[in-house]
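Okay, structure first, notes after.
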Amino acid sequence: MIVSWNTTNECNMYCDHCYRESGPLAPRELTTAEARTMINGIAAAGFKLMIFSGGECLMRSDLEELVAHATACGLRAVLGTNGSLLSVERARALKAAGCLAAGISLDSLDPAKHDALRRYENAFTEALAGMQACREVGLAYQIHTTVMDWNREEIPAMADFAAAQRARAFHVFFLVPTGRAAEIEKSSLRAAEYEELIERLMRKAESVPIEIKPTCAPQFMRIALQRGQKPRFSKGCLAGTSYCIIGPSGNVQPCAYMNLSAGNVREQPFEVIWRDSPMLKRLRTEEYSGRCGSCEFRKRCGGCRARALHYHGDFMAEEPWCLYRAPVEETSVG
């Protein structure tokens, strides 16, 4: 079970695709003491992996303290960062606190394109410096790329780049139009493009020595099974079932791209929200409507609940960018 915490809304970048619309601090962000209490609840609820993200998590001065507390509670602590603030000294301190790995964002092999998406000069150069800092102190890291129509053809080369950089994994995030990303919705891949890229990623995974994983593209589970592969993941979309996210001010959401609150950790203990939220309970029924409801892969794929919400207004509706059509059973007449 995985939980992600947006440690702060503050960020030194202003990325076009940011679901959190990060930049300035959010009102009443969780204090160190409140965060420690929340982490206790996360451990009590049975979670195993905790992602410290943002905004930019490295802008929190108490990050090392909270990583150490999560580690002491038995959680595996990792980071999601743009890498620009990940100096050798900071990487060493985080590793000493118990951080096991960092996910560093890189969205193009063309520095100008990466910098333009993130509206930050030298974002590319500083991300690579963050990777070097991880290598220098022995902190594992992986590369995260959000795929859109303009960088789709780069993805196989980026997988090779990730392997050459000694990254542990390459995770490809498929754009979900939430937050500022709603303004660039037209750059999102459509059904045929999704399918084609997932197939390419699976073929690429056979030729590189690192993990490649499509994220926010739950169809990869169905495609893997159709290819006769046995994916090591249990389900495509984990929203509300074995994953959730907590915002800077304590709101619990089923996933990063579903801006719906299941409760706030200032008002209820996290473990109570996770156990009792009606919204999360509804997601766990897997009683989807439309094609997802009748699909034989629904328990392994699940469809993207955030895209269902964005395009249909109902997070239990069918996944809009899926090509698959379940076979129609023949009936005899006479």
Side-chain angles (χ1 to χ4, degrees), residues 1-13 18-86 89-104 139 179 238-240 242-277 280:
M1 300 213 318
I2 306 169
V3 63
S4 180
W5 175 38
N6 294 139
T7 58
T8 179
N9 200 65
E10 189 175 16
C11 190
N12 58 338
M13 299 188 184
C18 181
Y19 66 83
R20 183 57 70 187
E21 300 186 75
S22 295
L25 285 165
R28 296 188 67 227
E29 294 192 352
L30 296 179
T31 66
T32 303
E34 288 171 330
R36 290 173 70 95
T37 298
M38 175 190 70
I39 290 168
N40 294 342
I42 289 169
F47 282 77
K48 302 301 181 185
L49 179 67
M50 183 169 180
I51 305 168
F52 291 78
S53 66
E56 174 49 57
C57 61
L58 291 167
M59 298 190 82
R60 271 195 83 123
S61 60
D62 59 358
L63 181 62
E64 285 83 354
E65 176 185 344
L66 294 173
V67 165
H69 183 66
T71 301
C73 289
L75 294 163
R76 296 171 59 219
V78 299
L79 306 181
T81 174
N82 61 42
S84 65
L85 303 176
L86 195 54
E89 294 74 21
R90 200 79 195 269
R92 183 176 290 116
L94 286 161
K95 184 180 180 184
C99 179
L100 298 176
I104 300 176
L139 178 63
L238 306 178
S242 56
Y243 171 82
C244 71
I245 191 166
I246 305 166
S249 302
N251 283 328
V252 178
Q253 300 175 208
C255 86
Y257 308 104
M258 294 172 65
N259 192 18
L260 301 171
S261 178
N264 189 288
V265 298
R266 281 193 171 108
E267 299 165 3
Q268 286 181 292
F270 173 83
E271 61 270 35
V272 174
I273 296 171
W274 178 253
R275 184 189 66 218
D276 295 340
S277 163
L280 301 182

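Count residues from 1 along the sequence. The figures that follow rest on heavy atoms only: side chains count, while hydrogens, waters and symmetry mates do not.
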Derivation and outcome, side chain to side chain contact (heavy atoms under 4.5 Å, CB included), residues Ile2 and Lys48: CA-CA 6 Å; Ile2 306 169; Lys48 302 301 181 185; over 6 Å; no

Leu63/Leu79 under side chain to side chain contact (heavy atoms under 4.5 Å, CB included): CA gap, chis, key distance, verdict: CA-CA 10 Å; Leu63 181 62; Leu79 306 181; 4.1 Å; yes

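Across all non-hydrogen atoms, the minimal contact from Val67 to Cys99 is CG1-N, 3.6 Å. Considering all non-hydrogen atoms of both residues, Met258 and Ala239 come closest at SD-CB, 4.3 Å. Minimum heavy-atom separation, Ala77 to Thr71: CB-OG1, 4.1 Å.
More than 12 non-hydrogen atoms from other residues, nucleotides or ligands lie less than 6.0 angstrom from CZ of Arg90.
The side-chain heavy atoms of Ser84 and Asn12, taken from C-beta on, include a pair separated by under 4.5 Å. Between Val78 and Leu49, the closest side-chain pair of non-hydrogen atoms falls below 4.5 Å. Side-chain atoms of Phe270 and Cys244, non-hydrogen and from C-beta on, do get closer than 4.5 Å to each other. Taking 4.5 Å as the limit, every side-chain heavy atom of Val3 sits out of range of all side-chain heavy atoms of Leu75. A heavy-atom distance below 4.5 Å is not found between the side chains of Asn9 and Glu21. Looking only at side-chain heavy atoms (C-beta outward), Ile245 and Val252 stay at 4.5 Å or farther from each other. Residues Leu280 and Pro254 meet the side-chain proximity criterion, which asks for heavy atoms closer than 4.5 Å. Side-chain atoms of Leu94 and Glu64, non-hydrogen and from C-beta on, do get closer than 4.5 Å to each other.
No donor-acceptor distance shorter than 3.5 angstrom exists from the side chain of Ser22 to the backbone of Cys18, with no hydrogens or angles considered. Counting only distance, with no hydrogens or angles, the side chain of Gln268 and the backbone of Val265 share no donor-acceptor pair below 3.5 Å. One N or O on the side chain of Arg60 and one on the backbone of Thr7 form a donor-acceptor pair closer than 3.5 Å.
Annotation: side-chain contact (heavy atoms from CB on, under 4.5 Å) contacts of Arg266 (sequence neighbours excluded): Arg28, Leu30, Glu34, Ser249, Asn264. In this structure, Glu10 has no salt bridge (charged side-chain N to carboxylate O under 4.0 Å, His left out) partners at least two apart in sequence or on a different chain.
Taking the six-membered ring wherever Trp is involved, the centroid distance between the rings of Tyr243 and Phe47 does not fall below 6.0 Å.
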Listed pairs under 3.5 Å, donor-acceptor, residues 50-57 side chains, sequence neighbours left out:
unit_1: Ser53; atom_1: OG; unit_2: Ser4; atom_2: OG; d: 3.4
unit_1: Ser53; atom_1: OG; unit_2: Trp5; atom_2: O; d: 3.4
unit_1: Ser53; atom_1: OG; unit_2: Asn6; atom_2: ND2; d: 3.1
unit_1: Glu56; atom_1: OE1; unit_2: Thr81; atom_2: OG1; d: 3.1
unit_1: Glu56; atom_1: OE1; unit_2: Asn82; atom_2: N; d: 2.9
unit_1: Glu56; atom_1: OE1; unit_2: Asn82; atom_2: ND2; d: 3.1
unit_1: Glu56; atom_1: OE2; unit_2: Leu58; atom_2: N; d: 3.1
unit_1: Glu56; atom_1: OE2; unit_2: Thr81; atom_2: OG1; d: 2.8

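Separation of atoms OG1 (Thr8) and CZ (Arg20) is listed at 10.5 Å; rounding is to 0.5 Å. To the nearest 0.5 Å, atoms NE2 (His69) and CZ (Arg36) are separated by 4.5 Å. Of the inter-residue distances, the one linking Met1 atom CE with Leu238 atom CG reads 11.0 Å to the nearest 0.5 angstrom.
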